[in-house]
2 protein chains.
Amino acid sequence: MPSDTRLSRMLHVLIHMDRHAGPVTSETIAGMLGANPVVVRRTMAGLKAAGYLTSVKGHGGGWTLTTPLDQITLRDIHEALGSPKIFAIGLADDDPKCLVEQAVNAALAETLDDAERRLLARFGEVTIGAIAHDFEHRMTEVCSGSPAEA
Amino acid sequence: MPSDTRLSRMLHVLIHMDRHAGPVTSETIAGMLGANPVVVRRTMAGLKAAGYLTSVKGHGGGWTLTTPLDQITLRDIHEALGSPKIFAIGLADDDPKCLVEQAVNAALAETLDDAERRLLARFGEVTIGAIAHDFEHRMTEVCSGSPAEA
DNA sequence: TTTCATGTAACTCTATTAGGTGCGTGAGGA
DNA sequence: TCCTCACGCACCTAATAGAGTTACATGAAA
């Protein structure tokens, strides 16, 4: 149901790429994400422009990670995606004449801006490498056979 | 440009209603908000159901505030509106089989849920009365010489 | 009984992400 | 050389959700 899944998808694919030697095609990535190859290229264009990966055309081409995952934060990816809108909630009018609405805007904007600053700061603290490490941990848990889980 | 402006608009209209004796029609409210009367009724239905105001049909009818503004928080209004989605960002798949995606989801969901909890907690601390008071302050600043009512 | 105002159903409009087709471009391989 | 693969991009459609709009029923007051 959520609208913008680009950040989530890029984290997912970057970790897969890190565990895969050699270039990966948009077709393969789309298969991993359950998405469309064109959407993959479209979304990854920003990460390429930001220098986190490269793309090569033709035979044996595809996408290659160029940056260690522990040097990329969630905030880096969010910004590489063009810093999409974070909140679904917003102000009715950004520059109203009504003083009441100005007061409402001041209160709401301050609260939302503060929440956004905190969230982006948190995004800046979490590296994709840390998530990849958590994945490794989940792997060992599943294969160690401690709890009977699917 | 933002999508969901209902909270913002409800704060705006509640403060106006608090400064206005007697019922206010949807038509009048729509004029204040630069919005549509039907949209106003649709949005305010939730606040009525939550008991913050009443509505009366027919001649001399309209909307009346029944609760002091310093007893209503932003969180109250948000919940009266049905607790709409706060974030425009979401997970690609809520229950993925891929362990990588599970790790991504765990990291992203924890960060977003934490941000949402903090934001809602903050909403719970801000009363509409406080915003109305800030408006009064803005009035005295603008009309420093002669006090005028809007 | 006429008028006014809410209550709702059932549309359209708008913005945004996502899905999809087609074609151009460039890099290898046969 | 020629063909195939894979990205790049233009341009469409689909799905979603808030907002706008029309139409009509309901109920209360003049």
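No experiment lies behind these values; they were computed from the predicted model shown. Just the heavy atoms: all of them, side chains too, but no hydrogens, waters or symmetry mates, feed the values below. Chain A is the first sequence line, chain B the second, and so forth, proteins listed ahead of strands; every chain is numbered from 1.
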Would you kindly give the [atom1]-to-[atom2] distance between [X] and [N], to the nearest whole Å?
X        : N       : atom1 : atom2 : result
Ile29(A) : dG19(C) : CD1   : C1'   : 17 Å
Asp93(B) : dT17(C) : CG    : P     : 20 Å
Leu33(A) : dG19(C) : CG    : P     : 9 Å
Ile89(B) : dT17(C) : CD1   : P     : 10 Å
Leu7(B)  : dG18(D) : CG    : C1'   : 14 Å
Met10(A) : dA18(C) : CE    : P     : 9 Å
Phe87(A) : dT16(C) : CZ    : P     : 17 Å
Asp4(B)  : dT16(D) : CG    : P     : 18 Å

- Trp63(A), nearest nucleotide to its side chain (from dA6(D), dA19(D), dG8(D)):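 Of all the options, the side chain of Trp63(A) is nearest to dG8(D).
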- Query: Under a 4.5 Å side-chain heavy-atom rule over Ile, Leu, Val, Met, Phe, Trp and Tyr, are Met32(A) and Ile77(A) clustered together?
  - Reply: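 Yes, Met32(A) connects to Ile77(A) through the hydrophobic network.
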- Listed by chain and number, what are the side-chain contact (heavy atoms from CB on, under 4.5 Å) partners of Ala107(A), not counting sequence neighbours?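 Ile131(B).
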- Only counting residues at least two apart or in another chain, list the ones meeting side-chain contact (heavy atoms from CB on, under 4.5 Å) with Glu27(B).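 For Glu27(B), the residues satisfying side-chain contact (heavy atoms from CB on, under 4.5 Å) (neighbours in sequence not counted) are Thr25(B), Pro37(B).
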Respond yes when some side-chain nitrogen or oxygen of [X] is under 4.0 Å from OP1 or OP2 of [N], and no when none is.
X        : N       : result
Ser3(B)  : dA15(C) : no
Ser55(B) : dA5(C)  : no
Thr5(A)  : dA18(C) : yes
Lys48(A) : dG8(D)  : yes

- Query: So how far off straight is the helix from dT1(C)-dA30(D) to dA30(C)-dT1(D), going by the axes through five pairs at either end, to 10°?
  - Reply: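 Both end axes considered, the difference amounts to 20°.
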- Message: Filter on side-chain hydrogen bond (donor to acceptor under 3.5 Å, both in side chains), then keep only pairs touching residues 44-57 of chain B, sequence neighbours left out; what's left?
- Response: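 Output for this query lists Lys48(B)-Ser55(B).
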- Query: What residues form a side-chain hydrogen bond (donor to acceptor under 3.5 Å, both in side chains) with Asn105(A), not counting sequence neighbours?
  - Reply: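 Expected list: none.
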- Task: Starting from the 5' end of DNA chain D, give me the residue, Ala45(A) or Gly61(A), whose nearest nucleotide shows up first.
- Result: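 With Ala45(A) and Gly61(A) compared, the 5'-side residue is Gly61(A).
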- Message: Within this structure, what is the CD1-CG distance for the pair Ile89(A) and Leu74(B), rounded to the nearest 0.5 Å?
- Response: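 That separation rounds to 10.0 Å.
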- Message: To the closest 0.5 Å, what do you measure between CD (Glu101(B)) and CZ (Phe135(A))?
- Response: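 Reported to 0.5 Å precision, the distance equals 12.0 Å.
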- Task: Would you mind classifying the nucleic acid contact of Gly60(B) as base, sugar-phosphate or nothing, using non-hydrogen atoms under 4.0 angstrom?
- Result: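 No contact.
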- Query: When we call it a touch if two heavy atoms are under 4.0 Å apart, what does Ala35(B) touch: a base, just sugar-phosphate, or nothing?
  - Reply: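 Answer is sugar-phosphate: Ala35(B) comes under 4.0 Å of backbone atoms only.
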- Between protein and nucleotides 21-30 of chain C, map the contacts as a letter string: B base, S sugar-phosphate only, - none, heavy atoms under 4.0 Å, written 5' to 3'. B--BBBBB--
- Item | His137(A) ring center within less than 6.0 Å of His133(A) ring center |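 His133(A) vs His137(A): aromatic centres not under 6.0 Å.
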- Answer yes or no: does atom CD of Glu125(B) have more than 12 heavy-atom neighbours from other residues, nucleotides or ligands under 6.0 Å?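 Atom CD in Glu125(B) is packed in, count exceeds 12.
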- Indicate whether any N or O donor in one side chain lies under 3.5 Å from an N or O acceptor in the other, for Asp114(A) and Thr111(A).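 Result is no, nothing qualifies.
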